Amino acid sequence: FPPNMIRNFSIIAHVDHGKSTLADRILEFTGAISKDIKNKQVLDKLQVERERGITVKAQTASIIYEHQGQKYLLNLIDTPGHVDFSYEVSRSLSACEGAILLVDANQGIQAQTVANFYLAFTNDLTIIPVLNKIDLKTANPEAVKEQMFTLFEIDPDEVLQVSAKLGKGVTAVLDAVVKNVPSPAVKCNINTPLRILLFDSWFDRYRGVVCLTLVVDGSMKKGDYITSSHSGKTYEVKDLGILTPQETPIPHLYTGQVGYFTANIRDTKDALVGDTFHQRGAQCQPLQGFRQAKPMVFAGVYPMDQREHTALKAAIDRLCLNDGSVTVQTEASSALGQGWRLGFLGLLHIDVFNQRLEQEQGAQVITTTPSVPYKVRIRGARAIRDYRGDEVMVTNPTLWPDTNVIVETSEPFVLGTIIAPDDYLGAIIGLCQERRGVQQEIRNLDASRIIMMYKLPLNEIVIDFFDTLKSMTSGYATFDYEDLGFELSTLEKLDILLNGHPVPELSTIVHSSQARKIGKSMCEKLKDTLPKQMFQIAIQACIGSNILARTNIKAVRKDVLAKCYGGDITRKMKLLKRQAEGKKRMKMYGNIEVPKETFIDILKR
Ligand code: GDP
Ligand code: MG
């Protein structure tokens, strides 16, 4: 297939709008998969993906489609379905010239539709607007077309209508892909040396990393030596082919084609999404826009039982092999033991990783409340030497620099998009304000729904923003966000003291406007979870020497034997033994015993 007979495209949609179903229909329709495995959603391979109905790792398929007597090679490039992976979405999209913008005709445009539309738009893709689920009685195609016009200026006459479930209208979509999406010939060159864009990769135990690639210039065959522009490392191509969606080896991948290759790459960190590979020794201008995905949300991960430490480490390593975007640092907590601080791209990414850790690796873990990285500029020759520079990236509150060396602090911000029925306008504005949000835009999407853009600190949405938003709108609101980078902000370290002794595990970084509120709620929570002791305990929340909140737990006389009158000695022994075992799980702060369960209660998500 010469480039002008190829079309590279993807499907973008809000979750549950039918992306996987449409992809299945397309493959089935063109004979790439058999009809008997109907509804099997071939493209979603991971267990978590099937369960949560979201696509985590992109899957791709090549199909042959006949249009007006001509055979075309269509490459359907699947993108991760969530903006946590927006960098990967954006890279996958840059392998395409067009995108099917799929919208549920019943639900209308949702937050992810907007975020994904803008990603496609900024990647200069031709958009093919399609309404799905028109078989539903509640479908309202005309109203949704109007929303598409309001937000995206899409001509209502150009919107196609399909039922992916029933397979209705699918040919019209493929015809539109052939007719409207430009061929990769516009950006590809047959006659120049090899240049390929890597847009996805995963680890295979036997063959090493499997890479998905678009051949931008030249062609590639088995035995070629290729060099990464990013790392400069050279590899020999061992195997290559196309996905149908099963791997199908072919002798050459030509200009404009999409396919896989293996080259004995042992680490996914050497096969980064967005990297350009070229012929060994050739001069090559890397394809634009490579940057490494940066973790934005951090959480501590500890084994429930320290004896599981080695096994958990192995499980984390195995998962990381498949997900080069997770960062791992060892971390020790006197309360939770030896563990790791993992960095993730976003909230969903943590959930997906944890779930895979538990389901695929059978690991029992404690995950601490997620936090964001902070940037701190410091002064003073000594501090600068100790921190090796005047800018410190803090991912763990215990490493927060001393107040007297801090010049300024900044935190990550995002641009959030919320779509909801307009009845909830007041409540949502209230929530966003409480979370330090700054309104950017509010407008009507149609007669009954609004779209709102807020600039929000990432820290304010990492824990329960989406859940709160969902429950206050009876599940109707949708939310999505994109990174805006770091901005200055007044941040401080909040410490918790028990009878004057700090508990490092409970320190957090807070915005100064929230310090008192958070300090108070930490004290209350501790009061409820910390067991009473034989003396009074003072709980304090403070910043430096400034006490913001305090509360007391009254003393109790603890006599474990009081309940057993009479002389059942074995029963007494049992009680004493149980108490001794409990003690082993305690941590001492001053003379106060804090059980591990208290930490788990407070630190756990
Ligand atoms: P994705 O999250 O975008 O991949 O969405 P899925 O393809 O997993 O579809 C979400 C749900 O919508 C599934 O229960 C599908 O069976 C259903 N669905 C998809 N397309 C249609 C359609 O055309 N009509 C109806 N009635 N349901 C559909
Ligand atoms: Mg899906």
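Note that ligands are numbered from 1 as they come in the structure, with each ligand's atoms numbered from 1 the same way. All values derive from a computational prediction rather than experimental measurement. No hydrogens, no waters, no symmetry mates; every other heavy atom, side chains included, goes into these values.
Taking every heavy atom of Asp135 and a limit of under 4.0 angstrom, the matching atoms of ligand 1 come to 22 (C), 23 (O), 24 (N), 25 (C), 26 (N). Per-residue contacts place Leu136 under 4.0 angstrom from the following atoms of ligand 1 (heavy atoms of the residue considered): 26 (N). Against a heavy-atom cut-off of under 4.0 Å, Ser20 is close to the following atoms of ligand 1: 1 (P), 4 (O), 7 (O).
With Gly18, Ala13, Ala164, Ala139 as candidates, the residue nearest to atom 23 (O) of ligand 1 on a non-hydrogen basis is Ala164. Across Lys165, Gln161, Lys133, heavy-atom proximity to atom 17 (C) of ligand 1 is greatest for Lys133. Taking all heavy atoms of Asp104, Asp16, Asn106 into account, the minimum distance to atom 2 (O) of ligand 1 is reached by Asp16.
In terms of modelled atom types and a separation under 3.5 Å, the side chain of Glu66 and the main chain of Ile64 share no donor-acceptor contact. Formation of a donor-acceptor pair under 3.5 Å by the Asn132 side chain with backbone atoms of His17 is found in this model.
Residue Glu153 qualifies as open at atom CD: its count of foreign heavy atoms under 6.0 Å is 12 or below.
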Contacts table for residues 419-431: side-chain donor-acceptor under 3.5 angstrom, sequence neighbours left out:
| unit_1 | atom_1 | unit_2 | atom_2 | d |
| --- | --- | --- | --- | --- |
| Tyr424 | OH | Ser474 | OG | 3.3 |

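Using a 4.0 Å cut-off between heavy atoms, Thr21 contacts ligand 1 through both its backbone and its side chain.
Phe152 and Phe117 have parallel rings, their planes meeting at less than 30° on a 0 to 90° scale where 60° marks the start of perpendicular.
For Lys187, the salt bridge (Lys or Arg N to Asp or Glu O under 4.0 Å) partners are Glu97, not counting sequence neighbours.
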